[in-house]
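All values reported here derive from a predicted model rather than from experimental measurement.
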Protein chains: 2
Amino acid sequence: MRSPTELAQVFRSKQLKLTPQRQLLFSLLHENASHPTAEALFEVASKQMPGISLRTVYQTLGELAEMGELQLIDFGVGATRFDPNMGDHHHFVCDSCGAIRDVDITSAPRLRSGSGDGFAVEDVNVVFNGLCSRCNQPNKRSPGHQAKHKKK
Amino acid sequence: MRSPTELAQVFRSKQLKLTPQRQLLFSLLHENASHPTAEALFEVASKQMPGISLRTVYQTLGELAEMGELQLIDFGVGATRFDPNMGDHHHFVCDSCGAIRDVDITSAPRLRSGSGDGFAVEDVNVVFNGLCSRCNQPNKRSPGHQAKHKKK
DNA sequence: TTGTTAATTCGCATTACTTGCAAATTAGAA
DNA sequence: TTCTAATTTGCAAGTAATGCGAATTAACAA
Ligand SMILES: [Mn+2]
Ligand SMILES: [Mn+2]
Ligand SMILES: [Zn+2]
Ligand SMILES: [Zn+2]
């Protein structure tokens, strides 16, 4: 995802308004490697801007995704994750604590189009499931040090 | 997934009842490569057994998955798919018509555990998105020859 | 500044999918 | 045939996300 300043340019150039809500979300997403859910972003945003609507968070995230500024990732459990890292990478998901880490494409075999089966492959998504280093310690396994679902 | 007959053995040996509903679902799932949703199975099952409950379909599918007889696959769009093919394979999803095809692991680079990053990788899921051979024909593209969502 | 207006936000209803629960039913054993 | 624990069923409820209309507001012009 581009920087908040660059995004501001883009938005202006498309007669999209630079609302405080959008600016806040730009800054919260910038360089954010936590792969947050909409809800998670909403929680954080609400602290800086009480009254911001969850609907607006969804709205803005959807717009940014449509603009190619961030990707939506569905790991099949819980809510969709949002990732401002548009580089070619995959993901590791800890099944115990829910932590998500980037897996650089260079550390994984490169999967490309042309299966030769008539498919036109346009996207490849690789998800590694397992236990993160923290949860893999047999003794002090901590299945709750990251929230997997909504608590409330 | 094992054959209906073998499953019958397993169920008996665990004091699980061999109900007509279960037997029907066993047969509908056996050798089924369509990666159906619970709803889709329910539709088909209802023809042979009017009155069968969608709840029972979900219930039985969940049991079989827990027993390791089939896998649940969530492609991030629409409902969960069920796959009796427990072999090591991945999936191709047509973004136009929703068709799902198996991708044999031998035709894709083998991804294995031991990322060296402290992760204990226990499962790898690769999803190829794109256009199937049918939808890839520029002229007669048919975005609806397979149901992607519930119609009704 | 003030006014104008199209874009945006907000809140609520609604949808899609799935699970919880309890009453009614039934497979399998005795 | 009788008994009972397992199962099925229908419905309520939950989660995640979206549709929609009324209220608000950023951006631009006067
Ligand atoms: Mn990422
Ligand atoms: Mn498959
Ligand atoms: Zn972990
Ligand atoms: Zn297709």
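To the nearest angstrom, P of dT19(C) lies 12 Å from CD of Glu63(B). Protein atom CG of Leu61(B) is 14 Å distant from nucleotide atom C1' of dT19(C), rounded to whole Å. The CZ-C1' distance, from Arg81(B) to dT18(C), rounds to 16 Å in whole Å. Taking atom CD1 on Ile52(A) and atom C1' on dT24(D), their separation rounds to 15 Å, with Å as the unit. One atom, CD of Glu66(B), and another, C1' of dT7(D), lie 15 Å apart when rounded to the nearest Å. As a whole-Å value, the separation of Phe42(A) CZ from dT9(C) C1' is 13 Å. When the C1' atom of dT19(C) is taken as reference, atom CD of Gln59(B) falls 10 Å away, rounded to whole Å. Look at CG on Leu54(B): it is 14 Å from C1' on dG20(C), rounded to the nearest Å.
For the pair Thr60(B) and Thr80(A), both in contact range of DNA chain D, the more 5′-proximal nearest nucleotide belongs to Thr60(B). Taking the nucleotide of DNA chain C with the nearest heavy atom to each of Arg55(A) and Thr37(B), the more 5' of the two is matched to Arg55(A).
Of the candidate nucleotides dC10(C), dA17(D), dT8(D), dT8(D) has the atom nearest to the side chain of Thr56(B).
Atoms OG1 and CG, from Thr60(A) and Leu25(A) in turn, are 5.0 Å apart once rounded to the nearest 0.5 Å.
A ring-centre distance under 6.0 Å is found for Phe26(A) and Phe11(A). Ring-centre distance between Phe128(B) and His91(B): not below the 6.0 Å cut-off.
Proximity of Leu28(A) to Gln48(A): side-chain heavy atoms (C-beta onward) are separated by under 4.5 Å at one or more points.
With Gln23(B) contributing its side chain and Leu18(B) its backbone, the two residues share a donor-acceptor pair below 3.5 Å. With hydrogens and angles disregarded, a donor-acceptor distance shorter than 3.5 Å links the side chain of Arg22(A) to the backbone of Lys17(A).
When heavy atoms are screened at a 4.0 angstrom cut-off, Gly62(B) is found touching no nucleic acid atom at all.
Looking at residues 10-28 of chain A, you'll see Lys17(A), Leu18(A), Pro20(A) sit with a heavy atom under 4.0 Å from some atom of DNA chain D.
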Worksheet item: Given the rule in the side-chain hydrogen bond (donor to acceptor under 3.5 Å, both in side chains) test, do His35(B) and Asp102(B) qualify, once you have shown the distances and angles that lead to the verdict?
Response: CA-CA 9 Å; His35(B) 303 88; Asp102(B) 287 337; 2.8 Å; yes
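Between Tyr58(A) and dA17(D) there is a side-chain polar atom (N or O) within less than 4.0 angstrom of OP1 or OP2.
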